[in-house]
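Here is the structure we will look at, set down as structure tokens.
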Amino acid sequence: MPTPETGSRPSDRPLPPEGATGPAGAGAAAAGRSGSQTSAPASADRRRQRSGDEARGRAMRAAIAVIAEKGTGAVRMSDIAARAGMSTGHILYHFGKKDRLLLEVLAWSQADLWARFQEAADRAASPAEKLDLFVRFYLPPHQGDERYALWTQVLAQRHDEAGLRVLTDLLDGWDERLAAIVREGRSLGQFAEVDLPEFTVRSVAMLSGLAEDVMLGRSRWQHASPHAFALAALERELRPAPAGPKS
């Protein structure tokens, strides 16, 4: 279905070869029409999908920025529309009612972040590099980071059971990604045999505390790196014990 932004667009069909007559020419023309009827709608669907995804991404990024600036209570759909360069009708198409706004935007933000994390992790040469990437993607890059500010505002809201399930799934997503990295490292003999559930809970809790420090701009990190601190702590726990002397 076309989005309100893209609309629908008829596809062009190839003409039969000039001068083609008789059954052979008719067959070529029919084949051309048949091929076009099969490929052109599929191509048009892909174009509409890409255009729709781009419009949704633009709306989501605008919403993240406006929420960070104004706070959840003062956000209006017209503010998001103005930031995105879209009509309010288009914004309503993407979000529906305003009470869905925060969770919709947070879920999109996390999916976008995890997609970029996975792309980087797929290029990593080792579980140790993936662990470094995990810490880097988890922590906000600077004070006032809009994505992390969105998390804090969403967590401050009251949510029904459906909303709590969405938040739980998003939070569990971080645990699952860290656990997968540790399992891979253990299977290769590069990480120690730690209690995985306990290690995951402890590590994510530490990262959450560091993230709050970054967002507050605490002075103790003026001359130190929260990323380096967190990574060193995780690496200490995961470092395999040195092999004993050979008998």
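Given the structure is predicted, the values throughout are model-derived calculations rather than measurements.
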Evaluation steps, side chain to side chain contact (heavy atoms under 4.5 Å, CB included), between Asp213 and Arg220: CA-CA 9 Å; Asp213 273 9; Arg220 63 186 175 191; 2.7 Å; yes

Leu167 and Leu106: CA distance, side-chain angles, deciding distance, side chain to side chain contact (heavy atoms under 4.5 Å, CB included) verdict: CA-CA 9 Å; Leu167 288 172; Leu106 182 63; 3.6 Å; yes

Stepwise salt bridge (Lys or Arg N to Asp or Glu O under 4.0 Å) check, Glu235 with Arg239: CA-CA 6 Å; Glu235 288 175 338; Arg239 188 176 299 126; 5.2 Å; no

Derivation and outcome, side chain to side chain contact (heavy atoms under 4.5 Å, CB included), residues Phe199 and Leu234: CA-CA 9 Å; Phe199 172 82; Leu234 299 185; 4.0 Å; yes

Verdict with reasoning, Arg76 to Val66, per side chain to side chain contact (heavy atoms under 4.5 Å, CB included): CA-CA 9 Å; Arg76 298 177 302 175; Val66 172; over 6 Å; no

Derivation of the salt bridge (Lys or Arg N to Asp or Glu O under 4.0 Å) call for Glu129 and Arg123: CA-CA 9 Å; Glu129 286 189 24; Arg123 296 194 300 267; over 6 Å; no

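Taking CD1 of Ile80 as the start and OG1 of Thr88 as the end, the distance is 9.5 Å to the nearest 0.5 Å. To the nearest 0.5 Å, the span separating CD on Glu146 from CD on Gln153 amounts to 11.0 Å. With rounding to the nearest 0.5 Å, the separation of OG1 in Thr168 from NE2 in His159 is 10.0 Å.
In the hydrophobic clustering of ILVMFWY residues, with side-chain heavy atoms under 4.5 Å counting as a link, Leu207 and Val201 come out apart. Residues Leu113 and Val154 share a hydrophobic cluster, clusters being chains of Ile/Leu/Val/Met/Phe/Trp/Tyr side chains in contact below 4.5 Å. Val182 and Val204 fall within a single hydrophobic cluster, where Ile, Leu, Val, Met, Phe, Trp and Tyr side chains are chained together by heavy-atom contacts under 4.5 Å. One hydrophobic cluster holds both Val75 and Leu155 under the rule that ILVMFWY side chains link at heavy-atom gaps under 4.5 Å. By the criterion of side-chain heavy atoms lying less than 4.5 angstrom apart, applied directly or through intervening Ile, Leu, Val, Met, Phe, Trp or Tyr residues, Leu164 is not grouped with Leu103; the two fall into different hydrophobic clusters.
Leu171 places none of its side-chain heavy atoms less than 4.5 Å from the side chain of Asp175. Proximity of Val214 to Trp221: side-chain heavy atoms (C-beta onward) are nowhere separated by under 4.5 Å. Within the 4.5 Å cutoff, no side-chain heavy atoms of Met215 are placed close to those of His142. When side chains are defined from C-beta on, Arg202 counts as touching Glu237, because their heavy atoms get closer than 4.5 Å.
Pairing each heavy atom of Pro240 with each of Gly189, the nearest pair is CG-O, 4.0 Å. In plain terms, the two heavy atoms of Gln190 and Pro127 that are nearest each other are OE1-CD, 3.1 Å. Heavy-atom minimum distance, Asp160 versus Gly163: OD1-N, 2.8 Å. Here the shortest heavy-atom pairing between Asp195 and Pro197 reads OD1-CD, 3.2 Å. The two residues Ala124 and Lys130 have their closest heavy-atom pair at CB-CG, 3.7 Å. Nearest heavy atom pair, residue Met206 against residue Ala233, reads SD-CB, 3.9 Å.
Remark: Arg147 engages Asp112 in a salt bridge, criterion side-chain N to carboxylate O under 4.0 Å. The residues Asp169 and Arg165 are annotated as not salt-bridged, no charged nitrogen and carboxylate oxygen being separated by less than 4.0 angstrom. Between Arg218 and Glu212, none of the side-chain N atoms (NZ, or NE/NH1/NH2) sits under 4.0 Å from a carboxylate O, so this pair counts as no salt bridge. Between Arg183 and Glu176 there is no salt bridge, since none of the side-chain N atoms of the basic residue sits less than 4.0 Å from a carboxylate O of the acidic one.
When each of Phe117, Trp114, Tyr148 is paired with Phe137, the ring-ring contact (aromatic ring centres under 6.0 Å, His included) condition holds for Phe117 and for no other.
Remark: side-chain polar atoms of Arg186 are not paired, donor with acceptor, to backbone N or O of Glu193 under 3.5 angstrom. With hydrogens and angles disregarded, no donor-acceptor distance shorter than 3.5 Å links the side chain of Arg83 to the backbone of Ser78. At distances below 3.5 Å, not a single donor-acceptor pair connects side-chain atoms of Ser203 with backbone N or O atoms of Thr200. Using a distance-only test at 3.5 Å, with no hydrogens or angles considered, no donor-acceptor pair links the side chain of Ser109 to the main chain of Val105.
In this structure, Trp174 has its ring center closer than 6.0 angstrom to the ring center of Phe134.
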